[in-house]
Amino acid sequence: MRQPVARKLAVLAVSAAVVSVGAAAPPAAGSGDGEPVKTPVATGYGGAVASVDADASAAGIEVLRKGGNAVDAAVATAAALGVTEPYSAGIGGGGYFVYYDAKSRTVRTIDGRETAPLTADEGLFTEDGEPIPFADAVSSGLAVGTPGTPATWQTALDKWGSRGLGTLLAPAERLARDGFTVDGTFRSQTAANETRFRYFPDTAELFLPGGELPVVGSTFKNPDLARTYKELGRKGVGALYHGDLGEDVLATVNKPPVDPDSGWNARPGDLSAEDLAAYRAKLQPPTRTSYRGLDVYSIAPSSSGGTTVGEALNILERTDLSEASKTQYLHRFIEASRIAFADRGRWVGDPAFEDVPAKELLSQRYADSRECLIRDDAALTSPLAPGDPRDPSSCAAGGTAAPTTYEGENTTHLTTADKWGNVVAYTLTIEQTGGSGITVPGRGFLLNNELTDFSFAPANPAVHDPNLPGPGKRPRSSIAPTIVLDRHDKPVVAVGSPGGATIITTVLQTLTGFLDRGLPLVDAIAAPRASQRNAAQTELEPGLYDSGLRGQLEALGHSFKANPEIGAATGVQRLPGGKWLAAAETKRRGGGSAMVVRPAR
């Protein structure tokens with residue numbers, strides 16, 4: 001008999017209550033000579049912050065200690081990540097913000113996704129009738145969408161914050177001016193982008209100091225970004241959408257500053273002042289699904305994260321995952337992911353342009369009609385055809401399959417909570433590692449290459465593709481910041497992750513590990529991951545690929561390929577008595593940083 005989720009969560013809460021800072025896991029791997037030590041779990045009072053970076057988490061904690069709330073802390077943490085994680089996030093990108101308001105016990109969200117130019121059409125990434133090579137599009141002005149991050153910050157602060165933007169940017173401004181310590185992850189990410197960074201002199205000057213890779217243990221400073229943050233704090237985000245900063249962005253996008261000796265064709269974009277002025281971060285209702293008596297809230301389209309995680313949870317609802325063997329659990333998890341991705345590819349796009357049946361995708365009736373495709377003795381094969389959520393037919397195998405399009409795997413996620421019980425799960429991005437590779441001269445930040453998340457051509461010519469480019473359209477995302485509430489509408493846990501399309505499977509696996517398998521949150525985050533996205537092969541991290549579980553799953557017909565690292569999650573858990581637990585990665589990306597305002601003894 002399955003142990004009720006409420007009982008299991010109570011047991012986890014008791015276990016977490018005895019955890020002091022760092023007690024549940026060792027300091028993050030990779031904290032070698034010259035590298036900062038990061039602690040992946042912390043428990044205490046007054047609020048909590050979890051991110052991939054210690055300096056960024058500390059910026060959020062500083063705000064909480066001075067009386068700011070979870071929204072204020074999220075903005076301060078995000079701004080600091082723009083300094084220390086510049087290849088993952090920054091004011092040249094966008095993201096999705098999910099907020100739990102303790103007073104009203106409701107969840108609200110902001111869609112801060114980048115938008116295509118108003119001149120864009122379905123042929124944005126085609127030349128002579130053919131899609132341009134993906135690698136050519138990535139490092140170009142053509143790939144840059146109108147940034148949404150500054151508008152997201154200001155919208156969140158206007159609605160739910162308690163501090164001004166200038167105050168919240170101050171820790172990040174200081175960090176950019178004084179510098180941070182380079183770790184192995186920052187150096188390796190720079191190395192992976194070195195060739196294309198050298199195409200752009202401003203990028204090379206900033207991120208390859210003296211023409212060399214940054215040295216682990218050295219101090220990396222970004223005075224241009226410090227000045228940009230100071231200007232944003234003084235003038236507000238209008239500096240980007242209506243002012244001088246915006247003019248610099250447009251000039252860079254529309255005539256990328258390329259080293260003429262590189263031979264690189266950085267195709268120009270077509271962003272305009274009208275695009276910047278028209279941009280809005282969209283306040284919208286969250287997705288919601290019920291799972292094991294809990295309510296799971298996430299972001300609605302233009303991201304596919306909330307609908308796809310929600311559909312997969314609904315498919316798993318009828319299986320007792322707490323009693324399943326590890327093989328049975330992974331088999332069901334993989335198959336639920338495969339089915340949900342098949343439906344995502346067919347139905348989800350920007351709802352301002354597409355008829356997205358989000359309510360139907362999240363119905364238990366539809367999930368049940370798809371769940372019956374799963375067999376205990378044999379794996380499904382991909383690409384699996386989508387169903388029709390508007391007209392569910394039990395175990396239907398109709399429809400035309402479409403492959404899952406590529407999404408850049410770099411992004412960053414942060415989670416915050418405050419002493420009043422408010423919670424934020426916020427995922428922000430500039431798309432792949434290093435974004436477009438183009439730094440705005442004199443401004444200290446990289447521009448996104450988010451428009452490459454669009455389909456360059458229809459994924460399947462026989463079926464309408466909801467993710468083709470359009471004027472002002474938002475490309476489909478997989479970002480899935482998620483907050484789970486109990487039957488009293490109080491937070492249980494909040495999680496999220498970077499990783500492109502693997503975000504969905506990472507969040508799903510973390511939730512089921514925590515809610516069903518009874519893992520402490522830090523262990524649910526650390527568990528070796530699998531990712532099936534309606535592809536011929538399921539990706540496995542080494543902890544699964546090199547285990548006996550792989551052979552047992554292969555006997556059912558599954559096929560696998562190795563992926564050294566999937567995602568980099570963070571989360572917070574509400575504990576009794578006003579206590580919070582913050583959790584982050586123990587090893588991925590060099591480990592994450594969990595902090596609380598007042599650690600429990």
Side-chain angles (χ1 to χ4, degrees), residues 2-3 5 8 12 24-26 29 40 291-292 308-309 312-313 315-342 370-371 373-384 404 409 495 497 499-569 571 583 585-589:
R2 185 173 71 228
Q3 185 183 27
V5 168
K8 287 194 295 182
L12 286 173
Y291 186 69
R292 315 295 193 208
T308 311
V309 170
L313 288 173
I315 290 170
L316 293 170
E317 178 77 36
R318 298 175 64 172
T319 301
D320 188 349
L321 297 179
S322 68
E323 295 294 330
S325 69
K326 289 184 178 179
T327 302
Q328 291 169 331
Y329 162 66
L330 286 170
H331 171 64
R332 285 273 165 170
F333 161 73
I334 288 168
E335 299 296 60
S337 300
R338 188 193 315 269
I339 293 168
F341 264 93
R370 300 290 277 162
E371 186 270 346
L373 292 170
I374 301 175
R375 294 173 51 185
D376 288 330
D377 60 350
L380 295 165
T381 57
S382 292
L384 184 72
T404 298
E409 294 193 0
V495 296
S497 176
T502 70
I503 291 171
I504 290 168
T505 54
T506 295
V507 170
L508 179 64
Q509 190 173 352
T510 302
L511 287 174
T512 55
F514 177 72
L515 297 174
D516 289 298
R517 305 295 284 177
L519 296 176
L521 183 57
V522 71
D523 293 342
I525 288 171
R529 293 184 182 133
S531 183
Q532 167 54 241
R533 307 186 297 280
N534 199 25
Q537 293 184 298
T538 299
E539 296 176 12
L540 295 182
E541 287 188 325
L544 291 174
Y545 192 84
D546 298 333
S547 76
L549 289 170
R550 176 164 67 97
Q552 295 172 32
L553 290 165
E554 286 174 337
L556 296 176
H558 291 279
S559 179
F560 299 104
K561 65 178 179 179
N563 185 332
E565 186 173 281
I566 299 173
E585 297 287 355
T586 58
K587 294 183 179 180
R588 295 182 187 95
R589 288 206 196 176

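All heavy atoms count here, side chains included; hydrogens, waters and symmetry mates do not. Bear in mind the structure is a predicted one, so any value in this text is a computation, not a measurement.
- Exactly one of Q532, E335, H558 qualifies for a side-chain hydrogen bond (donor to acceptor under 3.5 Å, both in side chains) with T538. That residue is Q532.
- Counting heavy atoms from C-beta outward, T506 and V495 have side chains that stay 4.5 Å or more apart.
- Of all the heavy atoms in P520 and F514, the pair that sits closest is C-CD1, 4.3 Å.
- Proximity of L321 to F333: side-chain heavy atoms (C-beta onward) are nowhere separated by under 4.5 Å.
- Nearest heavy-atom pair across Y329 and G513 is OH-N, 3.8 Å.
- P564 approaches P542 most closely through the heavy-atom pair O-CD, 3.7 Å.
- The shortest side-chain heavy-atom distance between D516 and L316 does not fall under the 4.5 Å cut-off.
- Scored by the salt bridge (charged side-chain N to carboxylate O under 4.0 Å, His left out) test, R550 finds E554 as partners (sequence neighbours excluded).
- The distance from atom CG of L508 to atom OG of S337, rounded to the nearest 0.5 Å, is 5.0 Å.
- Distance CZ/R332 to CG/D320: 11.5 Å, rounded to 0.5 Å.
- Using modelled atom types, no side-chain atom of R589 and backbone atom of E565 make a donor-acceptor pair closer than 3.5 Å.
- The distance from atom CG of L544 to atom CG of L553, rounded to the nearest 0.5 Å, is 8.5 Å.
- In this structure, the side chain of E317 engages the main chain of R292 through a donor-acceptor pair within 3.5 Å.
- Taking each heavy atom of L384 and N534 in turn, the nearest pair found is N-OD1, 2.7 Å.
- Scanning for side chain to side chain contact (heavy atoms under 4.5 Å, CB included) contacts around T308 gives S304, A340, F341, R344, I504, with sequence neighbours left out.
- Of the inter-residue distances, the one linking L519 atom CG with Q509 atom CD reads 9.5 Å to the nearest 0.5 angstrom.
- H331 places no side-chain N or O within donor-acceptor distance of the main-chain N or O of D377, the cut-off being under 3.5 Å.
- Closest approach of A569 and I525 over heavy atoms only: O-CG2, 3.8 Å.
- Minimum heavy-atom separation, S382 to A536: CB-N, 4.0 Å.
- Rounding to the nearest 0.5 Å gives a distance of 6.0 Å between CD1 of I339 and CZ of R370.
- Within the 4.5 Å cutoff, side-chain heavy atoms of T502 are placed close to those of R533.
- Exactly one residue among K561, K587, R588 makes a salt bridge (Lys or Arg N to Asp or Glu O under 4.0 Å) with E541. That residue is R588.
- Between atom CD1 of residue I566 and atom CG of residue L540 there is a gap of 7.0 Å, rounded to the nearest 0.5 Å.
- Side chains of R338 and T381 form no contact here, defined as non-hydrogen atoms less than 4.5 Å apart.
- Within the 4.5 Å cutoff, the side chain of T510 has no heavy atoms near those of the S497 side chain.
- A salt bridge links E585 with R529: the distance from a Lys NZ or Arg NE/NH1/NH2 to an Asp or Glu carboxylate oxygen falls below 4.0 Å.
- Residues I315 and I374 have side chains in contact (heavy-atom distance under 4.5 Å, counting atoms from C-beta outward).
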